[in-house]
Amino acid sequence: DQQVKQNSPSLSVQEGRISILNCDYTNSMFDYFLWYKKYPAEGPTFLISISSIKDKNEDGRFTVFLNKSAKHLSLHIVPSQPGDSAVYFCAASLLSYNTDKLIFGTGTRLQVFP
Amino acid sequence: DTGVSQDPRHKITKRGQNVTFRCDPISEHNRLYWYRQTLGQGPEFLTYFQNEAQLEKSRLLSDRFSAERPKGSFSTLEIQRTEQGDSAMYLCASSLLDRPGPSTLGGYTFGSGTRLTVV
């Protein structure tokens with residue numbers, strides 16, 4: 001049962017344009033969401049997060065939007081840069097259940113071309 | 001601070017053999033996590049420790065798997081009687097927190113992983 005889904009396995013965007021990565025979830029009890037970036041041969045690195053009580057969080061070029069009614073979140077990268085080329089994972093947690101384990105999606109491979 | 005170290009980086013083993021992986025967390029971190037990632041999937045939670053106490057285990061952690069953190073520092077993950085389905089990247093992460101909270105949840109630091117291939 002895949003509780004966190006990333007339905008687009010890959011995305012290709014031109015440098016300078018906006019990249020939009022999408023994530024859907026099924027468990028309405030999730031209370032915190034995170035995005036991680038992963039380069040080949042490295043572990044995932046934390047990018048940005050959002051609490052379920054908010055609908056937007058921004059950090060530099062990265063903005064995460066949360067639509068609780070649709071159980072959907074998205075990561076916007078503006079402007080996209082070639083160094084952003086990586087696999088992006090959406091993750092969710094159940095902090096209110098006193099656990100900090102993360103439930104990850106399957107990832108979206110972003111390629112930013114010049 | 002050298003980050004989270006995992007050893008070995010790669011391991012090839014024959015089916016039925018036992019393997020052990022080691023994770024050295026960031027020195028002041030009190031929480032340590034193990035995840036497994038198979039091809040085309042995201043990381044899947046296996047277990048985590050606070051100091052030497054194992055706080056939670058996933059049902060993915062069958063009785064062939066055992067994880068320890070005997071002195072609250074490094075951790076080992078052992079897989080007994082390996083099967084081809086155990087082939088995966090095993091990721092370790094660490095963090096410093098007593099209670100999970102929004103400001104610290106993103107503070108997981110992952111290692112580069114141990115890639116296990118069972119032939």
Side-chain angles (χ1 to χ4, degrees), chain A residues 1-10 21 23-25 27 30-54 57 59 62 64 66 75 86-109, chain B residues 2-6 9-10 23-26 29-50 54-61 67 88-115:
Chain A
D1 179 25
Q2 191 72 27
Q3 297 188 70
V4 178
K5 302 176 185 179
Q6 294 176 259
N7 292 319
S8 298
S10 64
L21 296 98
C23 178
D24 297 294
Y25 62 95
N27 189 342
F30 287 142
D31 49 15
Y32 207 65
F33 302 90
L34 305 91
W35 285 92
Y36 280 78
K37 179 168 74 172
K38 186 179 184 303
Y39 293 119
E42 295 183 11
T45 54
F46 170 72
L47 200 55
I48 192 170
S49 61
I50 188 167
S51 165
S52 61
I53 62 172
K54 299 192 173 184
N57 188 27
D59 183 3
F62 303 92
V64 56
L66 175 61
L75 174 68
V87 178
Y88 289 78
F89 292 99
C90 169
S93 74
L94 291 159
L95 286 182
S96 55
Y97 288 79
N98 201 31
T99 173
D100 64 346
K101 74 179 183 186
L102 297 177
I103 300 164
F104 285 85
T106 52
T108 296
R109 182 177 301 278
Chain B
T2 57
V4 177
S5 299
Q6 292 190 245
R9 290 295 303 271
H10 304 275
C23 172
D24 286 272
I26 292 172
H29 283 185
N30 57 354
R31 285 207 172 184
L32 186 148
Y33 313 80
W34 285 99
Y35 282 77
R36 180 178 75 180
Q37 185 178 12
T38 53
L39 199 62
Q41 301 295 316
E44 296 174 290
F45 171 77
L46 292 178
T47 187
Y48 79 90
F49 295 83
Q50 177 155 317
Q54 191 171 20
L55 296 187
E56 189 172 349
K57 291 195 299 185
S58 163
R59 61 175 183 269
L60 290 176
L61 217 64
M89 174 74 80
Y90 289 84
L91 293 162
C92 176
S94 68
S95 68
L96 174 64
L97 74 167
D98 290 321
R99 294 180 61 81
S103 63
T104 54
L105 192 61
Y108 271 36
T109 301
F110 279 91
S112 297
T114 293
R115 181 168 295 284

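Letters A, B, ... mirror the listed sequences (proteins, then strands); counts begin at 1. As a basis for the values below, the full set of heavy atoms in this structure was taken, side chains included, without hydrogen atoms, waters or symmetry mates. Note that the structure is a prediction, hence the values are computed from the model and not measured.
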Response to the item:
In this structure, OH of B/Y35 is separated from CZ of A/F104 (nearest 0.5 Å) by 5.5 Å
Response to the item:
Looking only at heavy atoms, the pair that brings A/G43 and B/L91 closest together is CA-CD2, 4.3 Å
Worksheet, complete the sentence: On a heavy-atom basis, the closest approach of A/A41 and B/R9 is O-NH2, 3.2 Å
Item to complete: Might you work through the ring-ring contact (aromatic ring centres under 6.0 Å, His included) test for B/F110 and A/F46, ending with a clear yes or no?
Response: CA-CA 9 Å; B/F110 279 91; A/F46 170 72; over 10 Å; no
Item to complete: Examine whether an atom of A/L102 lies under 4.5 Å from a heavy atom of chain B, and if so say whether it belongs to the side chain, the backbone or both; otherwise answer neither.
Response: both
Practice prompt. Might you work through the side-chain contact (heavy atoms from CB on, under 4.5 Å) test for A/K101 and B/E44, ending with a clear yes or no?
Written response: CA-CA 9 Å; A/K101 74 179 183 186; B/E44 296 174 290; over 6 Å; no
Fill in: Residue list, side chain to side chain donor-acceptor pair (under 3.5 Å) with A/W35, at least two apart or on another chain
none
Worksheet item: Between B/Y108 and A/D100, what is the shortest heavy-atom contact and its length?
Response: OH-O, 2.5 Å
Discussion item. Could you check whether any side-chain heavy atom of B/Q41 comes within less than 4.5 Å of a side-chain heavy atom of A/F89, counting everything from C-beta outward?
Written reply: no
Worksheet entry | Partner residues of A/D31 under the side chain to side chain donor-acceptor pair (under 3.5 Å) criterion, sequence neighbours left out | A/S96
Worksheet, complete the sentence: Greatest number of non-hydrogen atom pairs under 4.5 angstrom with chain A, of B/G113, B/C92, B/P43, B/A93, falls to B/P43
